[in-house]
Amino acid sequence: MHPSNLLLPILARKCLRSLMNSNAIANIRPTACLLAASNCSWNGRQEQRCFHTSRRVHGLEEFFDNPENFGKLKIRSGMAWSVDLLRRKSTEDLHKLWFVLLKERNMLNTLEQYCIDEDEPMPGPDRLEKVAESMSNLRDVIEEREEAKNMLVHGTPDGIGGEWRKNPLGATYFYKFKEHLIPEHLQEIKRGDKPADLAYFSPKLEEWHLRLEEKRLKKRGGFHFLLATKYGQIRARNRHLPKKMPEWWKRKFRTKWLYGIHPQMRIFMKHHDKDYRINSRRPHKY
Amino acid sequence: MSRRIRIPGKLPSVKFPLHYEGAPQRRLFIPEWYITLAKPKEKMPKNYVRFHVPADMTKYDMKEYLDKIYNTKVLNVRLSPVNYVRYKEPLPWRIKKMSEDAPTPYQWKFIEPWKIAHIFLADEQEFEFPNPLKNEDDEENEMKLTDMMEAQMKAMKPKKNGGDNKSKMLLENSWF
């Protein structure tokens with residue numbers, strides 16, 4: 001027998017209880033009524049459980065266990081809800097289950113606090129762990145479904161889009177869209193939030209950019225010069241090669257320009273390896 | 001989407017969209033607030049209920065919580081916070097200085113802040129805190145037990161007749 005069967009029937013009854021409490025559903029008449037007399041609708045037949053009518057309560061009874069369980073030292077409880085079981089339920093059912101579990105948790109918390117105050121052992125402390133675990137699993141399942149839906153609709157797990165932007169110094173970053181304080185249909189003054197609207201120019205920044213561009217052009221010029229000399233050496237050996245550098249040969253050195261090192265190059269170079277010496281000095285170069 | 005962590009006092013458990021004039025009512029579909037009903041040690045009016053409540057909650061949250069989930073009408077809610085309290089946590093496994101009369105090693109710690117909700121129920125409702133560790137049926141059984149014990153004691157009492165020596169010996173030692 002699956003041990004969760006013990007937990008499920010208890011929760012089914014409590015689900016009915018929670019349904020009774022909601023104002024929308026008033027037509028359901030459960031067979032086992034666990035509410036205070038004032039909340040129940042008398043069917044005329046005897047209720048299954050007797051409870052005190054001296055205390056008049058409006059739903060606060062749900063902070064305490066079934067009166068039959070008062071005074072018991074051991075209370076049996078079923079397994080916690082696992083993620084696999086919860087995945088089979090619809091979102092509506094999960095929503096109802098959340099509130100059932102919430103009430104159970106509140107009940108257990110009150111019991112725990114009472115036992116701490118009275119300095120007595122709490123009957124069934126493992127129930128708290130199980131309820132907490134099942135609530136955590138429930139939240140995981142709901143988050144999973146929400147993320148999946150957002151991925152299908154928006155392409156991002158939170159449903160918030162974004163775009164690649166350049167900051168004023170020229171570095172690229174991924175900008176996530178933020179919330180408008182006033183929604184667009186209520187805005188009186190429309191302020192743009194695209195990069196073209198947000199861009200600003202200051203003379204310092206402009207000078208910085210120009211200087212950087214000058215440096216870059218100088219370096220590029222030097223690099224092209226090196227490539228030209230290399231090609232010249234190759235052409236000196238083979239006169240049939242064209243005078244102009246072919247593009248496919250230029251593209252071979254793209255990694256060197258972008259990252260400073262050629263991909264086929266070894267990271268450590270033989271004649272520099274000996275610089276990383278232990279307990280010996282580099283011989284003096286005469 | 002990362003799991004939203006709640007750090008009481010710093011990060012709230014719920015993130016609502018920004019508010020503007022004319023915004024629709026805020027709704028929570030999965031409230032993560034767990035409350036405990038506490039029994040006050042002092043004598044309080046019958047109208048009165050006390051809850052221990054997470055620090056994120058407000059008066060209106062509390063009212064809605066009880067209204068919607070527990071179907072109780074509330075007249076008044078007052079929240080009083082229990083702020084950070086510093087206490088010493090003893091660490092007896094740490095090596096103690098043998099030279100002086102040093103106290104056991106300890107570490108300063110804080111409790112997480114929470115709130116106490118003082119609530120008065122509306123519509124002439126009354127609430128009495130029951131005892132969840134005591135069963136009313138057991139009381140009756142206890143009475144029966146005492147009755148039974150009294151009956152046993154009466155049966156054990158010595159008879160007025162002389163009897164044998166053996167019975168006299170037995171009767172003198174009334175423990176057995």
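In this text the structure is predicted, and so the values were computed from the model without any measurement. In what follows, chains are A, B, ... by sequence order, proteins preceding strands, each numbered from 1. Excluded from the calculations below are hydrogen atoms, water molecules and symmetry mates; all remaining heavy atoms, backbone and side chain alike, are included.
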**Check against side-chain contact (heavy atoms from CB on, under 4.5 Å), B:Tyr34 and A:Lys103** = CA-CA 8 Å; B:Tyr34 318 115; A:Lys103 287 191 191 179; over 6 Å; no
**Stepwise side-chain contact (heavy atoms from CB on, under 4.5 Å) check, B:Tyr65 with A:Asn106** = CA-CA 12 Å; B:Tyr65 196 96; A:Asn106 285 344; 3.1 Å; yes
**Asked** Run the side-chain contact (heavy atoms from CB on, under 4.5 Å) check on A:Leu111 and B:Thr36 step by step: do they pass?
**Response** CA-CA 8 Å; A:Leu111 188 63; B:Thr36 58; over 6 Å; no
**Message:** Evaluate B:Phe29 against A:Ile142 for side-chain contact (heavy atoms from CB on, under 4.5 Å), listing each step before the verdict.
**Reply:** CA-CA 11 Å; B:Phe29 290 105; A:Ile142 287 174; over 6 Å; no
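A heavy-atom distance below 4.5 Å is not found between the side chains of B:Phe51 and A:Asn109. For the pair B:Leu133 and A:Cys115, the minimum side-chain heavy-atom distance is below 4.5 Å. Between B:Ile35 and A:Phe63, the closest side-chain pair of non-hydrogen atoms falls below 4.5 Å.
If you measure heavy-atom distances from B:His52 to chain A, the contacts under 4.5 Å come from the side chain alone. For chain B, no part of A:Met122 is nearby; none of its heavy atoms comes within less than 4.5 Å.
Between B:Pro31 and A:Trp98, the shortest heavy-atom distance links the atoms O-NE1, 3.0 Å.
Contact count against chain A (heavy-atom pairs under 4.5 Å) is highest for B:Ile30 among B:Leu121, B:Ile30, B:Val49. Your options are B:Leu18, B:Asp123, B:Leu66, and the one with the most heavy-atom pairs under 4.5 Å with chain A is B:Leu18.
The neighbour count for B:Glu89 CD, taken as heavy atoms of other residues, nucleotides or ligands under 6.0 Å away, is above 12. Within a 6.0 Å radius of CZ in B:Arg78, no more than 12 heavy atoms belonging to other residues, nucleotides or ligands are found. Counting non-hydrogen atoms of other residues, nucleotides and ligands closer than 6.0 Å to OH of B:Tyr87 gives a total above 12. Crowding of A:Leu169 atom CG: a count of heavy atoms from other residues, nucleotides or ligands under 6.0 Å exceeding 12.
Note: B:Leu37 CG to A:Glu62 CD = 12.0 Å, rounded to the nearest 0.5 Å.
Annotation: cation-pi pair B:Lys134/A:Phe70 absent, no NZ/CZ under 6.0 Å from the ring centroid and within 45° of its normal.
Listed by sequence position, A:Glu179, A:His180, A:Leu181, A:Pro183, A:Leu186 are the residues of residues 178-191 of chain A in contact with chain B, using a 4.5 angstrom heavy-atom cutoff.
Of the charged side-chain nitrogens involved, at least one lies within less than 4.0 Å of a carboxylate oxygen, so that A:Arg139 and B:Glu32 count as a salt-bridged pair.
Under the 30°/60° scheme for interplanar angles, the aromatic rings of A:Phe64 and B:Phe129 are found to stand perpendicular.
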